[in-house]
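Notes follow the structure.
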Amino acid sequence: MADRYLRFTHTAPGRFLTRRLGLPEPAALHRWTPEHPTLDGELAHLTVGSSTVAGADLAAVLASTGLPVAAAAADPAAVVLDATGVASARGLAGVHALLHPVVRSVAASGRIAVLGAPLSATDHHQAAAQQALDGFVRSLGKEIGRGRTVNLVRIAGGARAAESTLRFLLSPKSAYVSGQTVEVGDSAQAAPDDWSRPLAGRTALVTGAARGIGAAVAATLVRDGAGVVCLDTPRARDELGRTAERLGAAALPLDITADDAAERIADAFPDGLGVLVHNAGVTRDRRLANMPSERWSSVVDVNLSSVLDITDTLLKAGVLANGGRIVATASIAGIAGNAGQTNYAASKAGIIGLVRSLAPRAAAEHGVTVNAVAPGFIETRMTAAVPLLIREAGRRMNSLAQGGLPEDVAETTAWLAHPASGPVNGQVVRVCGQSLLGA
Ligand code: NAD
């Protein structure tokens, strides 16, 4: 599971060899730790043209990142480029003019967040300019290197609605999220009393939480104050028990494909559930021509059908209600496709369909948001089972030239589960280091 190549490139002979041979040089990413929770350095706040967001609100939100904010900074740890006011192709010159001089000096593991506006349905010049930001961000993410990330946030309402999103994207928590566009709506949202324990008083259920990404998600939600229930198959009972005990969480051994699984989950939360994380997933790879029907259905049953059944039951029973959060797990395989994974990719693309269709209705009818994370190559037992050469290609074929960690998916999930993330709904956020596979 360990990425030996990454470790090797951080030794003196490794550095020498990779440079001589022109091999990828993955940066050591700055990830969140209690001792090192913010980026190191200043935040440069730049604006192109006339912003469409209220300046005072945006200034307050940027200050909340804990970074000193300046109009110009020598070696910024983060750059926020407010491009919400760019409404014409010629206006894009301002994006170049402001970022060209600073891009080289952004610190290693630094962040660039470009703020955009929703695309106008009536002004195609504005829509062209705003969509241009998307291609700009994706390209800059591919060339910037040194563990630096570039993302675009489209703000429909005020900056306050984007506070949880900007705090996340401008922190070490988003180390493996790059080249993404996130849309933030204008619905009202509640700021938590304590941003360091935003889920205090809430319950969370994480499926597939005995190990891997699910265990990391459970740990992160516990850190954020939630009372967590870890669910996994009865077969994984021992590992589940150990994980739950280590985290101070409760264990629920249950196969999510069991006929009564949704009802049993509903019964386990008589006082309601704040956060539901659909993380359990399986692969049974084989090319379609060689795939027996049970391989197909076992994957679709776990990864998609049970997710739909549990979601429907918990919403209908009111177990998930006002302020509730659903975070489902897709995959870049569901976006780009993968040979040998027709079953898996179909199930993960299905998750994206579920999110897009249900999100607006779940918000309107139940006050619940529905989003998905789409992991790329994450170092877990699932990817340790991939043959060596494919594994090595999967690790390197992204803008950060390394695999992600379960914690990267967990931090992204925690942001989507945040009480202040109500305006973030119907989003599919890739946690893939900007994988070269897919969009
Ligand atoms: P993993 O195999 O390490 O863990 C998955 C967990 O789900 C296991 O503990 C397993 O027992 C549990 N599970 C499986 N079937 C279940 C069922 N019927 N009922 C209850 N629990 C069940 O996998 P992981 O790498 O941690 O992946 C977690 C999620 O992330 C999965 O949905 C996976 O498809 C997705 N994902 C992973 C990667 C990656 O690179 N690891 C990439 C993209 C997406």
Side-chain angles (χ1 to χ4, degrees), residues 1 3 176 205-220 229-244 251-262 264-265 268 276-285 297-307 309-310 327-338 341 343-352 354 372-386 390-395 397-398 402-410 412-413 428-433 435 437-438:
M1 242 193 312
D3 186 346
Y176 202 61
L205 172 70
V206 184
T207 69
R211 63 177 200 229
I213 294 171
V217 170
T220 305
V229 176
C230 297
L231 179 153
D232 212 296
T233 55
R235 234 178 319 119
R237 187 184 294 271
D238 291 349
E239 197 172 12
L240 174 66
R242 284 193 297 275
T243 303
L252 178 59
L254 180 66
D255 183 333
I256 55 169
T257 64
D259 288 342
D260 60 349
R264 285 186 53 195
I265 293 173
L276 169 61
V277 182
H278 289 295
N279 163 80
V282 291
T283 50
R284 299 272 185 280
D285 297 357
S297 43
S298 60
V299 168
V300 175
D301 284 354
V302 176
N303 296 2
L304 184 58
S305 306
S306 64
V307 171
D309 292 346
I310 293 167
V327 184
T329 308
S331 164
I332 57 166
I335 296 168
N338 205 11
Q341 291 199 316
N343 51 358
Y344 182 75
S347 70
K348 295 301 189 179
I351 291 291
I352 297 173
L354 151 69
V373 289
F377 184 99
I378 306 295
E379 306 279 356
T380 66
R381 206 184 290 180
M382 190 181 263
T383 47
V386 173
I390 301 176
R391 186 163 78 229
E392 193 47 26
R395 270 184 182 137
M397 282 170 59
N398 58 72
Q402 59 193 287
L405 299 181
E407 289 71 21
D408 298 321
V409 183
T412 308
T413 303
V428 177
V429 182
R430 294 171 46 160
V431 186
C432 64
S435 167
L437 301 178

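We count residues from 1, following the sequence as given. Everything numeric here is computed off the predicted structure, so don't read it as measured data. Just so you know, ligand 1 is whichever comes first in the structure, and atom 1 is the first atom listed for that ligand.
- Of the candidates N279, T207, L254, L254 brings a heavy atom nearest to atom 20 (C) of ligand 1.
- Note: an N/O pair closer than 3.5 Å links K348 and ligand 1 by distance alone.
- Of all atoms in ligand 1, numbered sequentially from 1 with element shown, those under 4.0 Å from a heavy atom of G212 are 26 (O).
- Looking at N303, its side chain does come within 3.5 Å of a backbone N or O of V282 through a donor-acceptor pair.
- The backbone N or O of V302 sits nowhere less than 3.5 Å from a side-chain atom of T257 that would complete a donor-acceptor pair.
- Short contacts between ligand 1 and A280, defined as distances under 4.0 Å to a heavy atom of the residue, involve ligand atoms 7 (O), 13 (N), 21 (N), 22 (C), 32 (O).
- The two residues S331 and K348 make their nearest non-hydrogen contact at CB-CG, 3.7 Å.
- Considering both main-chain and side-chain atoms, Y344 comes within under 3.5 Å of ligand 1 through a nitrogen or oxygen pair.
- Contact annotation: T329 has at least one heavy atom less than 4.0 Å from an atom of ligand 1.
- Checked by atom type and distance alone, the side chain of R395 never pairs as donor or acceptor with a backbone atom of G403 at under 3.5 Å.
- Listed by number with element, the atoms of ligand 1 under 4.0 Å from a non-hydrogen atom of L231 are 20 (C).
- For atom 3 (O) of ligand 1, the closest heavy atom belonging to the protein is R211 NE, 3.0 Å.
- Considering every non-hydrogen atom in both L240 and L231, the closest pair reads CD1-C, 4.1 Å.
- The closest side-chain heavy-atom distance from E239 to D232 is not below 4.5 Å.
- The closest approach between any non-hydrogen atom of A215 and ligand 1 is not below 4.0 Å.
- Looking from atom 8 (C) of ligand 1 to the surrounding protein, the closest heavy atom is D232 OD2, 3.6 Å.
- Between G350 and L304 the shortest heavy-atom distance is C-CD1, 3.6 Å.
- For atom 38 (C) of ligand 1, the candidate residues are G376, C432, S331; the nearest heavy-atom contact is made by G376.
- Counting atoms of ligand 1 from 1 in the listed order, those under 4.0 Å from a heavy atom of V282 are 14 (C), 15 (N).
- With a 4.5 Å cut-off on side-chain heavy atoms, I352 and I335 count as touching.
- Nearest protein heavy-atom neighbour of atom 25 (O) of ligand 1: T380 OG1, 2.7 Å.
- For the pair L205 and I265, the minimum side-chain heavy-atom distance is below 4.5 Å.
- At a 4.0 Å heavy-atom cut-off, ligand 1 touches V302 through the side chain alone.
- Applying the 4.0 Å criterion to heavy atoms of D255 picks out, from ligand 1, the atoms 17 (C), 18 (N), 19 (N).
- When each atom of ligand 1 is checked for a heavy atom of T383 under 4.0 Å away, the hits are 39 (C), 40 (O), 41 (N).
- Residue A330 approaches ligand 1 through these ligand atoms, each under 4.0 Å from one of its heavy atoms: 44 (C).
- Taking a 6.0 Å sphere around CG of D259, one finds it holds 12 or fewer heavy atoms contributed by other residues, nucleotides or ligands.
- Among V307, V277, V431, T233, the residue whose heavy atom lies closest to atom 16 (C) of ligand 1 is T233.
- T380 places no side-chain N or O within donor-acceptor distance of the main-chain N or O of G212, the cut-off being under 3.5 Å.
- Residue V409 places every heavy atom at 4.0 Å or more from ligand 1.
- With contacts defined as side-chain heavy-atom distances shorter than 4.5 Å, the pair Y176/E407 does not qualify.
- Checked against a 3.5 angstrom limit, the closest N/O atoms of I213 and ligand 1 fall inside it.
- Under 4.0 angstrom from ligand 1, there are no non-hydrogen atoms of T283.
- Of all the atoms in ligand 1, the ones that sit under 4.0 Å from a non-hydrogen atom of I378 are 39 (C), 40 (O), 41 (N).
- Under 4.0 angstrom from ligand 1, the non-hydrogen atoms of I256 come from both its backbone and its side chain.
- Between the side chain of T207 and the main chain of H278, no donor-acceptor pair closer than 3.5 Å is present.
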